[in-house]
Amino acid sequence: MTSTRVEVETWRHACHVTGLQPVALSDLARPDAGLVLASLWHTGGPEQQRKVMSGVMDAWEKARLPAAYLARHCLAGSDGRTILNFAQWTSPSAHRAFTADPRHQQTLGSAVQALYSADPPGRFLPHRFAERHGAAARCFTATWHDTEGEGRARSLADALAERAPAATASSAAVAEYFYAGEAGRQLLVLTGFQDEPSGAGPWFRPFRGLVRPAR
């Protein structure tokens, strides 16, 4: 067995021991998630896009992650350049405690920054979820709405969730996930599709993730 394969098997074993599983996508509406982190990265093209996604997930698979960590995913944009980063934690305070530890900045933070220089992700609180057709979502679009407060973000989410299904971006939409910005200045809407959605802008397909199964 080559040294590279030994390292990969070691990482997989560590994931199994800690209860984490390297799966494609977790439940975006899981009830134990009290914090969602999300951001878009823009790379130079398909080769860099794949390199960044693989490298980031390699770093997270090797990291010592607390029980408050639930999931992290990289989703590949259909334009061959964009990456949607999506992570779930049990609570904002638990995530802040993790990032405040300088050991994580020296190892995990440095590993990610070596691949891509990124600003901190947006912090969102799960608000509500709407199933449209009951089918499994395989592709997603991400829309950020600027708002003037947490109440406004939640009101906008309610209005979007309760509109007629025909008013969605595409009749193929099967689910919508609404996350209010922790600071009250944004609403993030992830829309799931069974097939590739139409319309302008990139859509995203799950590339790789690391998930702690819900109990």
Side-chain angles (χ1 to χ4, degrees), residues 4-5 7-8 11-12 15 20-30 33 36-63 69-89 108-124 129 132-133 135-146 160 168-179 181 186-211:
T4 300
R5 186 174 178 183
E7 291 177 357
V8 170
W11 300 342
R12 300 298 186 189
C15 292
L20 300 178
Q21 297 178 357
V23 299
L25 192 65
S26 62
D27 180 7
L28 302 188
R30 58 186 297 172
V36 160
L37 306 173
S39 61
L40 287 180
W41 291 354
H42 302 278
T43 67
E47 183 176 351
Q48 186 187 15
Q49 181 193 50
R50 179 173 291 273
K51 179 180 179 181
V52 169
M53 291 189 297
S54 295
V56 166
M57 293 313 305
D58 284 349
W60 277 82
E61 284 193 8
K62 290 186 288 184
Y69 167 93
L70 300 178
R72 180 190 172 103
H73 300 277
C74 284
L75 292 85
S78 58
D79 58 0
R81 299 186 301 275
T82 313
I83 300 169
L84 172 60
N85 294 278
F86 182 88
Q88 293 164 305
W89 288 73
L108 184 56
S110 297
V112 173
Q113 290 295 325
L115 292 160
Y116 187 88
S117 180
D119 293 329
R123 300 171 63 88
F124 298 88
F129 314 102
R132 297 300 183 190
H133 302 296
R138 299 189 179 92
C139 307
F140 299 85
T141 58
T143 306
W144 278 261
H145 300 272
D146 292 330
L160 293 173
T168 58
S170 168
S171 60
V174 298
E176 289 181 294
Y177 308 88
F178 300 91
Y179 309 95
Q186 281 190 323
L187 172 70
L188 169 61
V189 182
L190 297 184
T191 305
F193 299 83
Q194 190 172 16
D195 301 307
E196 298 176 4
S198 59
W203 48 267
F204 300 90
R205 189 186 299 277
F207 174 76
R208 188 169 158 193
L210 185 63
V211 175

Taking the side chain as everything from C-beta on, heavy atoms only, tell me whether [X] gets closer than 4.5 Å to [Y].
X	Y	value
Q186	F124	yes
K51	E47	no
L37	Y179	no
L190	T141	no
F86	F204	no
P121	N85	no
H73	V211	yes
W203	L75	no

Query raised in the report: In terms of ring plane angle, is the pair Y69 and W89 parallel, tilted or perpendicular, where the classes change at 30° and 60°?
Result: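 If you compare the ring of Y69 with that of W89, the planes turn out perpendicular.
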
[atom1] of [X] to [atom2] of [Y]: how many Å apart, nearest 0.5 Å?
X	Y	atom1	atom2	answer
S54	L115	OG	CG	9.5 Å
I83	S39	CD1	OG	9.5 Å
W60	R208	CH2	CZ	13.5 Å
L108	Q113	CG	CD	10.0 Å
L28	F140	CG	CZ	5.0 Å

Query - Residue list, side chain to side chain contact (heavy atoms under 4.5 Å, CB included) with H42, at least two apart or on another chain - result: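 By the side chain to side chain contact (heavy atoms under 4.5 Å, CB included) rule, H42 matches L40, T82, Y116.
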
**Report entry** Q88 side chain vs D27 backbone, donor-acceptor pair below 3.5 Å
**Finding:**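 Pair found, side chain donor or acceptor close to backbone of D27.
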
Query raised in the report: When you measure from the side chain of T43 to the backbone N and O of R81, does any donor-acceptor pair fall under 3.5 Å?
Result: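 Flag set: sc T43 to bb R81 pair under 3.5 Å.
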
Requested in this report: Quick one: list whatever passes salt bridge (Lys or Arg N to Asp or Glu O under 4.0 Å) with R205, sequence neighbours left out.
Outcome: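 Testing R205 for salt bridge (Lys or Arg N to Asp or Glu O under 4.0 Å), a comparison that skips the adjacent residues, returns E196.
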
Query - Non-hydrogen atoms of W41 and A118 that approach each other most closely - result: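 The answer is NE1-CB, 3.3 Å.
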
Query - N-O pairing of E61 and R72 below 4.0 Å - result: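 The answer is no: the pair does not qualify as a salt bridge.
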
Query raised in the report: Taking only residues two or more places apart in sequence or in another chain, which ones pass side chain to side chain donor-acceptor pair (under 3.5 Å) with R50?
Result: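 Scan of R50 (side chain to side chain donor-acceptor pair (under 3.5 Å), adjacent residues dropped) gives none.
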
